[in-house]
Protein chains: 2
Amino acid sequence: MKSPPTSSRAPRVADKQKLENQLCFALYSTLLGVNKVYRGLLREFDLTYPQYLVMLVLWERDQINVSEICEQLYLETTTLTPLLKRLETRGLISRRRSAEDERQVIVGLTEEGRALRQQLKHVPDCLGAAMGGSLDDVVELRDKLTKVRSKLFQAA
Amino acid sequence: MKSPPTSSRAPRVADKQKLENQLCFALYSTLLGVNKVYRGLLREFDLTYPQYLVMLVLWERDQINVSEICEQLYLETTTLTPLLKRLETRGLISRRRSAEDERQVIVGLTEEGRALRQQLKHVPDCLGAAMGGSLDDVVELRDKLTKVRSKLFQAA
DNA sequence: GATATTTATATCGCGCGCGATATAATGTCA
DNA sequence: TGACATTATATCGCGCGCGATATAAATATC
């Protein structure tokens, strides 16, 4: 088959509809791989990747409300509320209504949740090793994705 | 706050555990944005993004078996079988057991499924527009992700 | 002070995505 | 030829992720 487009020559519709030519599919399938690696690492702590992301947010800043976590993780509250409930059931976080504004729910770390940070500090390095590439490459890729993300959320 | 690491200086554990420093989170959140844009485009055709991916595979090659689709999409059969059933219910694909090897299920396009290709030919350009960036940038990003994907699936 | 509007979170239902498990078909070997 | 191993798909249960909808609280308006 013809090689994928690598020049400025405008690709044809048929080429655009080829799976491997699509950046979106590369994103989608790479994330499947990311999740597979995380599952291997987090399973023993009875955590999923989205739950781990919530913990990352809280390890950086304790006692924040649900909508702030939603903003940072680009998630809807309909996704986050059940997720937080599971973490609360696990004893890793606590939730309470804000005294100042009872519409808001404040999410905080428990002692167990705080202690987990140290136990999971090896995880980023494991992912880095699994992904390969130099630090500079990774940073550049991350920054380019971040730009694409901004554009996508503007367009949506 | 300190800027994210951009040099070869080894980042500290705390920096590695920062959400925005992680390539994985950039991937995860960018894919949320991708899905949001696709939902806007595919809703009127009553399709989801994973279903659209299956159609892309079949538009490229009709009459293939389930495990081949799984390979191309990096999915487990436990994910694909229900997904194919929904597409079959929609009348877009057909499924039948192979005469040569009855363990295998052959998936093919119906007339309606084939006709959908033309109706959706604008979708890749819409995503391209939503993502921004030159064709060269997109191709480079895609190729780098593809390399990372290979490493991840090897490591998993 | 009453009503309307806005904001924040909760619940529901559905479509994934996958580990665990089950069933059936094919291949291998003694 | 029969027993066993391997392969392919199906089902189950659970954790997301989100659109639709509901409820309650805060703010704005008259």
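With 3.5 Å as the limit, one finds a donor-acceptor pair spanning the side chains of R96(A) and Q63(A). Between the side chains of T146(A) and D143(A), no donor-acceptor pair is found at a separation under 3.5 Å. Side chains of Q17(B) and R117(A): a donor on one and an acceptor on the other come within 3.5 Å. Between the side chains of N65(B) and S67(B), a donor-acceptor pair is found at a separation under 3.5 Å.
Between the CD1 atom of I64(A) and the C1' atom of dA8(C) there is a distance of 15 Å, given to the nearest Å. Rounded to a whole Å, the CG atom of L47(B) is 17 Å from the C1' atom of dG19(D). Computed from coordinates, the R90(B) CZ to dC14(C) C1' distance equals 15 Å when rounded to whole Å. As rounded to whole Å, 14 Å separates atom C1' of dT9(D) from atom CD of E71(B). Regarding I69(B), its CD1 atom lies at a distance of 12 Å from the C1' atom of dT9(D), rounded to whole Å. For the pair R97(A) CZ and dA24(D) P, the interatomic distance rounds to 11 Å; values are reported in whole Å. Between the CG atom of L42(A) and the P atom of dC18(C) there is a distance of 16 Å, rounded to whole Å. Rounding to whole angstrom units, CG of residue L84(B) and P of dT11(D) are separated by 12 Å.
At dT11(D), one or more side-chain N or O atoms of K85(B) fall inside 4.0 Å of OP1 or OP2 (strictly under the cut-off). Close to dA10(C), at under 4.0 Å from its OP1 or OP2, lies a side-chain N or O of T81(A).
Taking the six-membered ring where the residue is Trp, W59(A) and Y52(A) present perpendicular rings, their angle passing 60° and hence far from 30°.
Summarising the local packing, CD of Q119(B) is surrounded by more than 12 heavy atoms from other residues, nucleotides or ligands at distances under 6.0 Å.
At a threshold of 4.0 angstrom between heavy atoms, the contacts of S67(B) are confined to the sugar-phosphate backbone, with no base atom among them.
Across all their heavy atoms, V138(A) and G132(A) have their closest contact at CG2-O, 4.1 Å. Here the closest heavy-atom approach between residue L32(B) and residue L73(A) is recorded as CD1-O, 3.6 Å.
Comparing dT9(C), dA8(D), dG19(D) by their nearest atom to the side chain of R43(B) picks out dG19(D).
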Collect all protein-nucleotide pairs involving nucleotides 23-26 of chain C in which both atoms are nitrogen or oxygen and the distance is under 3.5 Å.
| from | atom 1 | to | atom 2 | distance (Å) |
| --- | --- | --- | --- | --- |
| dT26(C) | OP1 | E102(B) | N | 3.4 |
| dT26(C) | O4' | R103(B) | NE | 3.3 |
| dT26(C) | O4' | R103(B) | NH2 | 3.3 |

Taking N or O atoms only and anything under 3.5 Å, show me the protein contacts with nucleotides 15-17 of chain C, one pair per line.
| from | atom 1 | to | atom 2 | distance (Å) |
| --- | --- | --- | --- | --- |
| dC16(C) | OP1 | T48(B) | OG1 | 2.5 |
| dC16(C) | OP2 | Q51(B) | NE2 | 2.4 |
| dC16(C) | OP2 | R86(B) | NE | 2.9 |
| dC16(C) | O5' | R86(B) | NH2 | 3.1 |
| dG17(C) | OP1 | Y28(A) | OH | 3.4 |
| dG17(C) | OP2 | Y28(A) | OH | 2.6 |

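Under the 6.0 Å cut-off for aromatic ring centres, Y49(B) and Y28(A) qualify, their centroids lying closer than that.
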